[in-house]
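First up is the structure itself, then whatever we jot down about it.
Residue numbers count from 1 along this sequence. Just so you know, ligand 1 is whichever comes first in the structure, and atom 1 is the first atom listed for that ligand.
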Amino acid sequence: IFYEITLALLRIIFRYIFVNKTHIFIINIVGDYFFIIGVNMCGIIGYIGKNVEENLFEGLKRLEYRGYDSAGMTVMRNGNFDTYKSVGEVDNLKAKLKFNEEFGYGIAHTRWATHGKITIENCHPHFSSNGNIAIVHNGIIDNFEDLKIQLQAKDKCFVSQTDSEVVAKLLDKLNIN
Ligand code: GLU
């Protein structure tokens with residue numbers, strides 16, 4: 001049994017990723033299973049399947065304990081984005097949601113404002129200029145001012161004061177249609 005346990009332990013690979021003070025442990029038991037364990041993970045959730053709005057909302061409710069000041073969600077269904085944003089409690093978002101049972105996918109976010117006031121415009125998701133890419137982000141982009149100046153010189157219009165929006169505008173370069 002000792003041999004078995006030692007072998008099992010040896011087969012476990014620990015990787016430690018440090019992103020913006022966010023700690024994520026990925027435990028990979030070779031061949032069979034892997035688990036992602038987040039410690040201090042941020043207020044982001046994604047979902048693919050039926051009842052997207054409902055499931056994303058439930059996810060945001062479970063993340064509520066982390067503290068936040070506003071929330072947002074974007075759902076892709078039949079080639080269209082539906083976006084909902086609200087300040088204050090996650091329940092304020094619920095009042096705006098158009099629940100739909102059909103298959104789709106989406107991302108949702110609870111925001112803890114670091115750059116820009118607590119407003120609807122600053123709620124995530126943020127969008128690329130062509131409107132084809134929606135992003136949510138937690139943490140801080142240290143060089144966002146430099147990036148924003150460069151992007152504005154290329155006629156990129158920003159609708160928020162967040163650092164996060166630069167990521168969405170940078171992704172325009174990918175030309176995803
Ligand atoms: N820096 C971003 C903002 O101010 C994300 C904040 C967060 O971690 O929620 O919108």
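Aromatic ring centres of Phe127 and Phe81: separated by under 6.0 Å.
Judged by the shortest distance from any of its heavy atoms, Gly116 lies outside the 4.0 Å radius around the atoms of ligand 1.
Using a distance-only test at 3.5 Å, with no hydrogens or angles considered, no donor-acceptor pair links the side chain of Ser129 to the main chain of Lys156.
Aromatic ring pairs are classed by plane angle as parallel below 30°, tilted from 30° to 60° and perpendicular above 60°; the pair His115 and Phe144 is perpendicular.
Numbered from 1 in the order shown, with element, the atoms of ligand 1 that lie under 4.0 Å from a heavy atom of Asp163 read 1 (N), 2 (C), 3 (C), 4 (O). Near His109, the atoms of ligand 1 lying under 4.0 angstrom from a non-hydrogen atom of the residue are 9 (O). Below 4.0 Å from some heavy atom of His137 lie the following atoms of ligand 1, by number and element: 5 (C).
The pair Lys61-Glu64 meets the salt-bridge criterion, with a side-chain N (NZ, NE, NH1 or NH2) lying under 4.0 Å from an Asp/Glu carboxylate O. Glu53 and Arg77 are joined by a salt bridge, as a carboxylate oxygen and a charged side-chain nitrogen come within less than 4.0 angstrom of each other.
At a heavy-atom distance under 4.0 Å, only side-chain atoms of Thr162, from C-beta outward, approach ligand 1. Of all the heavy atoms of Asn138, the ones lying under 4.0 Å from any atom of ligand 1 are found in both the backbone and the side chain.
For ligand 1, the polar-atom distance check finds an N/O of Arg111 within less than 3.5 Å of one of the ligand's N/O atoms. Between Ile140 and ligand 1, a contact under 3.5 Å exists for no N or O pair.
Put simply, the side chain of Val159 does not reach to within 4.5 Å of the side chain of Glu121, judged on heavy atoms.
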